[in-house]
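What follows is a set of notes on a single structure, which appears directly below.
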2 protein chains.
Amino acid sequence: MYTNSEIKPRDLSKIEKPAVSVTVLIFSINDGRLEVVLINRVREPFVGFWSLPGDILPIKNDLDEAAKKILFDKTGIKNIYLEQLYTFGDPKRDPRGRVITVAYFALLPYNSVDLSKAPDALHAKWIPVKNLSTNLAFDHKKIIAYGAERLKNKIEYSNIARALLPEKFRLSELQKIHEIILNTKLDKRNFRKRMLSMKLIEPTKDFYRLGNHRPARLYKFSTKKLVTFN
Amino acid sequence: MYTNSEIKPRDLSKIEKPAVSVTVLIFSINDGRLEVVLINRVREPFVGFWSLPGDILPIKNDLDEAAKKILFDKTGIKNIYLEQLYTFGDPKRDPRGRVITVAYFALLPYNSVDLSKAPDALHAKWIPVKNLSTNLAFDHKKIIAYGAERLKNKIEYSNIARALLPEKFRLSELQKIHEIILNTKLDKRNFRKRMLSMKLIEPTKDFYRLGNHRPARLYKFSTKKLVTFN
DNA sequence: CAGAATTAGTGTACATAATACACTAAGCAT
DNA sequence: ATGCTTAGTGTATTATGTACACTAATTCTG
């Protein structure tokens, strides 16, 4: 019923393959704004344009591993929250030819990294998402917009904010992060009530004592794992 | 500051490329169960195993286009709801070599397709998700589990169910779909109240008159576009 | 044609969650 | 001691979610 040729495996060496890259969107909160790490390109195409850190997928690496590796190689950042975002495959997204990219999305506390010590320090920089030029390399503008949207959707119904904060933090810091990401002002009492009723955070015995005002109690997330509701 | 070689574009023809495929998860509701279209493999690897429809990404197609094309070529299905699900890239997922797959997720009303007329009719079949053998080809078991989870998360806060129903439907049908996907029993009055208050559906003037019982009013979704809350 | 069988359709009381809103507390600087 | 700054708290109202049981309209059967 089937010819012999049909049951043999398809020869993968004979098909035309696209290049595959991994792109990492690194978000943090600084100076009251959502910022993203961009790299000023020194290579064609898009020399001089800002772009997201990314690289060709190493042939033996899993996608998640590759994302971690790129993150580390370009920024020196290690051990942070990473999740797969989306795969972008417009045939025209790269002028060199067919390159599909698997985008990842990372979060970290702003002070936990020093980009000036990054391997690609001369070219890597934090840029506020709201100030982005429309002329980013490739389709990176679209990727950033997609990631910012994901963050917005996730912050209210998960403990994802833990990845943007130090171990211990003030409720006012947590609130500020929500306000920036959601781009809205929240009521202090209602915010606190909600956060505590969700049981994702708990008070510690420590206080934050800087500034000429009453010290603030420090809280921590109850778990380091990602928890999502709905 | 930079050598000439650094500013030239990287030569994409010299890198080692993984193969890229597109896999489509086609869900529907039948006989009170969530079912998925599987294809019995006639080629190595995994001859005789059930697998999701999929194929190598045609080098000139966008990912979405490729998913549509695969769907049509293997099942004859056209014009249905499709969304990108996730990209699976475990280096060992395909015994032939490195193949990463971009998985898509499709929904359609069970009666809108006749698999016996599909191009791959001899090998394509609807299989209830709960009855799946653990021995599916590749990592397809994992892909199906991931897709079922996505469906579960989406059904309560979007109008995605419209893709599983005909144009006009009974509220009892809609409720049944929710119950199957969420794997729970819902209260009829509360369900109706909620559905109507969300303003995603509206009554039509038509009734469903089959069976020895009171006719049921038919409803329709207010919009054909995907709407998601939070 | 009366009664049984079947699915459709409806309302109310209660509990929980979301919102609006303003003052007191604790520390530091002068 | 006073003023400045951020931390911290409660209550009333509204909206949303949940629990729960009977009547309505049709077909089938005897």
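Chain letters run A, B, ... following the sequence lines, proteins first, then strands; residues in each count from 1.
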Categorize A/S197 for me: base, sugar-phosphate, or nothing, with a 4.0 angstrom heavy-atom threshold over every strand shown. nothing
So B/R192, base contact, sugar-phosphate only, or nothing? Heavy-atom distance under 4.0 Å. base
Going from OG on B/S112 to CG on B/L164, what distance comes out if it is rounded to the nearest 0.5 angstrom? 9.5 Å
Gap between atom OG1 of B/T228 and atom CD1 of B/I160 - 0.5 Å precision: 7.5 Å
Please report, rounded to the nearest Å, how far the [atom2] atom of [N] is from the [atom1] atom of [X].
{"X": "A/K199", "N": "C/dA17", "atom1": "NZ", "atom2": "P", "result": "11 Å"}
{"X": "B/Y157", "N": "D/dG17", "atom1": "OH", "atom2": "C1'", "result": "11 Å"}
{"X": "B/R170", "N": "C/dG9", "atom1": "CZ", "atom2": "P", "result": "10 Å"}
{"X": "A/R194", "N": "C/dT16", "atom1": "CZ", "atom2": "P", "result": "19 Å"}
{"X": "B/L186", "N": "D/dG17", "atom1": "CG", "atom2": "P", "result": "13 Å"}
{"X": "B/D206", "N": "C/dA8", "atom1": "CG", "atom2": "C1'", "result": "16 Å"}
{"X": "B/Y208", "N": "D/dA24", "atom1": "OH", "atom2": "P", "result": "23 Å"}
{"X": "B/R217", "N": "D/dA24", "atom1": "CZ", "atom2": "P", "result": "17 Å"}

Would you say A/D64 and A/Y104 make side-chain contact, with heavy atoms under 4.5 Å? yes
cation_pi(B/R162, B/F221) dist<6.0 Å, angle<=45: no
Any A/S172 side-chain N or O less than 4.0 Å from OP1/OP2 of D/dT6: no
Under 4.0 Å protein heavy-atom contact, by nucleotide of nucleotides 20-30 of chain C - B base, S sugar-phosphate only: BBB--BBBS--
Backbone of B/S51 reached by a side-chain donor or acceptor of B/H140 within 3.5 Å: no
Whether over 12 other heavy atoms sit under 6.0 Å from B/K141 NZ: yes
If you count every heavy atom of other residues, nucleotides or ligands that lies below 6.0 Å from B/K68 atom NZ, does the total exceed 12? no
